[in-house]
There are 4 protein chains.
Amino acid sequence: MTEMEQKTRIPQQKRSIETKNRILAAAKDQFAKNGFHGTNAKEIAAAAGVSVGSFYSYFKDKKELFMEIFREHIEEKVVRILGEHQVDPDNRRESVYRLIKAMLDAHDPYPQFHREVLAMRYSDPEVEAAFTEMDQHSLGHVERFIEQFRDKLRVKDIKTAARIVSAAVEEIICSITIFGQDEDADRLIDGLADMIHRYLFD
Amino acid sequence: MTEMEQKTRIPQQKRSIETKNRILAAAKDQFAKNGFHGTNAKEIAAAAGVSVGSFYSYFKDKKELFMEIFREHIEEKVVRILGEHQVDPDNRRESVYRLIKAMLDAHDPYPQFHREVLAMRYSDPEVEAAFTEMDQHSLGHVERFIEQFRDKLRVKDIKTAARIVSAAVEEIICSITIFGQDEDADRLIDGLADMIHRYLFD
Amino acid sequence: MTEMEQKTRIPQQKRSIETKNRILAAAKDQFAKNGFHGTNAKEIAAAAGVSVGSFYSYFKDKKELFMEIFREHIEEKVVRILGEHQVDPDNRRESVYRLIKAMLDAHDPYPQFHREVLAMRYSDPEVEAAFTEMDQHSLGHVERFIEQFRDKLRVKDIKTAARIVSAAVEEIICSITIFGQDEDADRLIDGLADMIHRYLFD
Amino acid sequence: MTEMEQKTRIPQQKRSIETKNRILAAAKDQFAKNGFHGTNAKEIAAAAGVSVGSFYSYFKDKKELFMEIFREHIEEKVVRILGEHQVDPDNRRESVYRLIKAMLDAHDPYPQFHREVLAMRYSDPEVEAAFTEMDQHSLGHVERFIEQFRDKLRVKDIKTAARIVSAAVEEIICSITIFGQDEDADRLIDGLADMIHRYLFD
DNA sequence: GATGAATGAGTATTCATTCAT
DNA sequence: GATGAATGAATACTCATTCAT
């Protein structure tokens with residue numbers, strides 16, 4: 001972070017940045033296809049069209065590369081999309097529905113990669129930390145969402161309610177993006193919106 | 001002798017059964033502590049107090065051992081406990097609460113191992129298959145639960161409702177057993193029971 | 001050999017001898033099918049219907065078992081059959097033909113095992129020694145055969161002639177028993193008989 | 001890079017080619033000294049002065065390495081030398097003698113390796129296939145040799161005669177290169193030339 | 001005696017990472 | 001800077017042999 005020994009290069013030139021991005025994209029691909037443990041440096045380098053040597057001049061190791069992809073994912077998708085979500089205080093059911101939709105959109109369009117992240121969440125502390133951070137965002141968002149309806153709420157403990165709502169949405173979204181058929185998706189989201197709406201307000 | 005080509009030993013003698021169980025127990029420990037990829041055959045054998053040779057005479061490989069532990073988990077816990085759960089049709093809120101409790105009990109008392117299973121669910125098809133099977137049990141259980149209140153329901157599509165309820169419960173349970181502090185647990189379960197109760201009946 | 005430490009049992013009782021023979025037969029089978037390196041003690045024991053433990057109480061190791069089978073082969077087949085071969089001094093061409101036939105008969109009816117012995121001949125000194133001994137028998141036999149026609153011979157150096165004839169017969173027999181089709185066999189033997197006959201007498 | 005999934009490296013650079021050749025040479029040595037089963041990857045790598053990793057980046061496994069050495073042997077020696085052998089139709093005995101000499105030259109100057117190849121011929125189908133191919137060359141050569149004397153022949157069936165002559169030469173050569181003392185060699189070759197000469201023409 | 005469970009040294013093989021060119 | 005050859009520690013797995021029951 002400070003200027004101390006600079007092992008991996010911070011790319012300044014345009015070509016360099018492009019190379020790094022190519023590696024990131026290729027790695028995301030590979031991780032999604034074969035998982036973290038099922039992907040090796042040679043494959044990533046080959047898929048990115050660079051040499052292993054180059055690979056290691058951009059990333060300290062496979063793990064760092066993984067974390068960089070993951071962090072990028074968090075920033076790009078979650079923070080940005082969640083940040084933009086707006087609430088209509090007069091239409092609560094619709095607002096709940098839109099909350100779910102926003103969280104669904106915030107999910108990786110790359111579900112296979114998400115799958116892998118979930119896998120590592122449980123076995124790697126660093127991944128878990130990043131995950132927790134991401135969850136905090138999500139949780140905070142839901143909390144703020146609920147708070148906007150403060151005086152119309154059936155629940156008293158907003159923090160707990162937010163965790164429950166968050167968890168339910170997360171899991172349904174997960175099952176939709178990873179295993180779900182599209183036909184089911186709409187019914188599930190509708191049902192979920194009903195459940196949350198009734199829980200919070202009805 | 002009579003069986004054709006028996007690659008892995010099927011233990012008959014008491015000593016043999018004990019050895020196999022020692023390996024199973026030790027492996028569960030190790031997987032929970034260090035994850036599937038972070039555990040190797042030698043370590044498992046050492047932890048079980050047996051030789052690598054013994055390990056491989058009982059299990060084709062690490063994967064098979066893992067699956068055996070997981071299947072045992074499914075049978076012992078899920079099927080048995082879920083099977084026993086009884087419903088009180090006059091007290092719906094209480095019934096929901098007891099459903100959640102039953103599903104919580106059905107979870108592994110070995111949360112670290114559960115954590116690892118979750119990790120593999122997403123990267124290994126065989127694990128996912130077993131997981132799906134387990135989910136079907138859970139889903140079926142929830143479906144039957146809901147059906148018992150058929151004429152008092154607010155929801156029409158029982159199958160979809162069951163999936164939503166299942167998912168919500170699963171995720172909350174997960175966050176309780178893995179990350180949750182005990183203080184939170186009760187509030188979460190109560191809130192969850194409220195949510196489901198309101199969704200289905202209120 | 002002397003009474004010194006008796007590691008492997010010398011079977012006295014009938015049942016014991018039978019067991020040992022069962023192991024020998026099973027091993028010959030396995031060696032023929034999968035080769036020395038492709039056969040393990042467990043398989044041999046299983047094929048013989050005994051335990052590995054028993055196996056090792058009859059044979060010091062796999063190698064000793066192999067040598068025992070090989071020596072038995074030499075004694076039973078080679079010595080016995082070659083010993084019985086008779087010559088008709090008035091019909092030389094016919095005698096040559098009968099010599100070849102006798103040597104063909106002396107070959108293992110178990111060509112796959114012979115194949116394996118050949119393989120080991122080149123990589124194991126002990127096998128080579130036994131093989132050489134066997135060759136000496138064969139060579140001696142051919143020498144005595146040639147000597148019976150001493151005054152009618154075209155060749156002077158009988159020892160060398162015997163080696164040449166021996167080698168030629170060996171190789172043709174080998175190609176017949178291992179690779180040859182039966183249709184070819186007769187023509188080859190006839191041609192071989194011609195060649196040897198012309199070489200020695202014609 | 002452009003090629004799909006290249007498992008073992010195809011050496012382009014000079015350094016790389018040298019390394020591969022060092023491994024090939026060292027392996028030939030080791031196989032000759034200790035046989036195929038008596039040699040392991042680590043030893044070969046050490047003898048070649050490279051790491052095991054390098055070994056496996058050039059060869060899928062020990063077997064592939066072995067086959068590569070063997071095929072090289074066939075091409076370099078057999079095809080080339082046999083191809084060059086010329087016949088003098090007016091001096092038949094001398095031609096036979098030169099045939100034998102040519103076939104002797106075509107044999108590996110590395111008799112210990114040849115020994116090992118023979119060993120594997122009988123237990124490994126792939127080796128046998130290559131061997132058969134090599135034999136076909138040899139057989140074809142002998143057939144063409146005999147055909148050049150067509151009208152002076154005592155034998156009618158040239159194909160059968162070629163097999164017999166081939167076999168006899170092969171075996172004598174074998175016994176000369178592997179077991180034979182040099183003193184014997186000349187006498188054996190002379191006798192062999194006599195035998196074949198008499199068989200074909202005399 | 002017989003059994004087959006247990007042993008562990010030995011072998012093949014992979015792959016993250018380094019470094020000479 | 002880039003390359004890809006080289007490294008070798010790490011790991012899975014086998015099997016001849018021993019030994020407790």
Side-chain angles (χ1 to χ4, degrees), chain A residues 9 11 13 15-16 19 37-46 50-63 65, chain B residues 1 6-7 9 11-20 37 39-46 49-63, chain C residues 7 9 11 13 15-16 19 37-46 50-63 65, chain D residues 1 6-7 9 11-20 37 39-46 48-63:
Chain A
R9 175 188 346 155
Q13 298 173 14
R15 196 162 79 101
S16 195
T19 303
H37 294 285
T39 304
N40 62 33
K42 212 174 164 186
E43 274 164 26
I44 295 171
V50 301
S51 64
V52 253
S54 278
F55 173 93
Y56 275 95
S57 72
Y58 287 102
F59 302 96
K60 186 169 71 61
D61 54 26
K62 212 172 64 158
K63 181 71 185 303
L65 165 65
Chain B
M1 224 69 97
Q6 195 71 55
K7 205 61 204 308
R9 191 184 308 163
Q12 251 91 27
Q13 298 177 10
K14 196 167 65 175
R15 180 159 71 119
S16 189
I17 292 172
E18 270 166 17
T19 301
K20 183 164 185 179
H37 293 286
T39 305
N40 64 25
K42 216 173 163 183
E43 274 165 27
I44 295 171
V50 302
S51 63
V52 247
S54 279
F55 175 93
Y56 280 99
S57 71
Y58 288 104
F59 304 96
K60 188 169 73 55
D61 52 26
K62 213 171 55 158
K63 179 72 185 303
Chain C
K7 212 41 207 314
R9 174 189 347 154
Q13 298 172 14
R15 194 162 81 101
S16 195
T19 302
H37 295 285
T39 304
N40 62 32
K42 213 174 163 186
E43 274 165 27
I44 295 172
V50 301
S51 63
V52 253
S54 277
F55 173 93
Y56 276 94
S57 71
Y58 286 102
F59 302 96
K60 185 168 73 60
D61 54 27
K62 211 170 66 157
K63 180 71 185 302
L65 165 64
Chain D
M1 222 74 93
Q6 195 70 57
K7 206 60 205 308
R9 189 185 311 165
Q12 250 91 28
Q13 299 178 8
K14 197 169 65 179
R15 180 159 72 120
S16 190
I17 292 172
E18 269 166 18
T19 302
K20 184 163 183 179
H37 294 286
T39 305
N40 64 24
K42 216 173 163 184
E43 274 165 27
I44 294 172
V50 300
S51 63
V52 249
S54 279
F55 175 93
Y56 279 99
S57 71
Y58 288 103
F59 303 97
K60 190 169 70 54
D61 53 25
K62 212 171 53 159
K63 179 70 185 302

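Lettering of chains follows the sequences in order, A, B, ..., and the numbering in each one begins at 1. Any value given below was found using the heavy atoms of this structure, including those in side chains, with hydrogens, waters and symmetry copies removed.
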Problem - Short side-chain N/O contact to dA5(F) OP1/OP2 from Ser57(D), under 4.0 Å - result: no
Practice task
For Phe55(D) and for Gly49(B), locate the closest nucleotide of DNA chain E by heavy-atom distance; then report the residue assigned to the nucleotide nearer the 5' terminus.
Solution key: Gly49(B)
Handout entry: Short side-chain N/O contact from Ser54(C) to OP1 or OP2 of dT3(E), under 4.0 Å
Key = yes
Problem - Length of the line joining Asn40(D):CG and dT11(E):P, which is rounded to integer Å - result: 5 Å
Exercise for the section: Check whether any side-chain nitrogen or oxygen of Ser51(A) sits under 4.0 Å from OP1 or OP2 of dG4(F), and answer yes or no. Expected result: no
Exercise for the section: Check DNA chain E for consecutive Watson-Crick or G-U pairs with both distances under 3.5 Å and list the runs of at least three as stems. Expected result: E:2-21 with F:2-21
Between the protein and nucleotides 19-21 of chain E, are there any N/O to N/O pairs under 3.5 Å, and if so, what are the atom names and distances?
none

Completion exercise
side-chain contact (heavy atoms from CB on, under 4.5 Å) filter on Val52(C), not counting sequence neighbours, yields Ala41(C), Ala45(C)
Exercise for the section: Look at the side-chain N and O atoms of Lys62(C) and state whether any lies under 4.0 Å from the OP1 or OP2 oxygen of dA16(F). Expected result: yes
Problem - Rounded distance in Å - CD (Glu43(C)) to P (dC15(F)) - result: 8 Å
Practice task
Report which part of the nucleic acid Ala41(C) touches: base, sugar-phosphate, or nothing (heavy-atom distance under 4.0 Å, all strands).
Solution key: base
Completion exercise
Between CD1 of Ile44(C) and C1' of dG4(E) the distance, given in whole Å, is 16 Å
Completion exercise
In whole angstroms, the gap separating P of dT17(F) from NZ of Lys63(C) amounts to 11 Å
Practice task
Could you tell me the separation between the OG atom of Ser51(C) and the CZ atom of Phe55(C), rounded to the nearest 0.5 Å?
Solution key: 11.0 Å
Exercise for the section: Indicate whether OP1 or OP2 belonging to dA6(F) is found under 4.0 Å from a side-chain N or O atom of Thr19(D). Expected result: yes
Completion exercise
Separation between OG (Ser54(D)) and CZ (Phe59(D)), nearest 0.5 Å, reads 11.0 Å
Fill in the blank from the handout: Sorted by chain and number, sequence neighbours left out, side-chain contact (heavy atoms from CB on, under 4.5 Å) with Thr39(C) holds for Gln30(C), Phe31(C), Asn34(C), Glu43(C), Ile44(C)
Handout entry: Set of salt bridge (Lys or Arg N to Asp or Glu O under 4.0 Å) partners for Lys42(D), sequence neighbours left out
Key = none
Practice task
Check whether any side-chain nitrogen or oxygen of Tyr58(B) sits under 4.0 Å from OP1 or OP2 of dA6(E), and answer yes or no.
Solution key: yes
Completion exercise
Whole-Å distance, Lys42(D) NZ to dT14(E) P, equals 17 Å
Exercise for the section: Would you kindly compare His37(C) and Asp61(B) by the position of their nearest DNA chain F nucleotide and give the one closer to the 5′ end? Expected result: Asp61(B)
Exercise for the section: Look up atom NZ in Lys62(C) and atom OH in Tyr56(C), then write down how far apart they are to the nearest 0.5 Å. Expected result: 8.0 Å
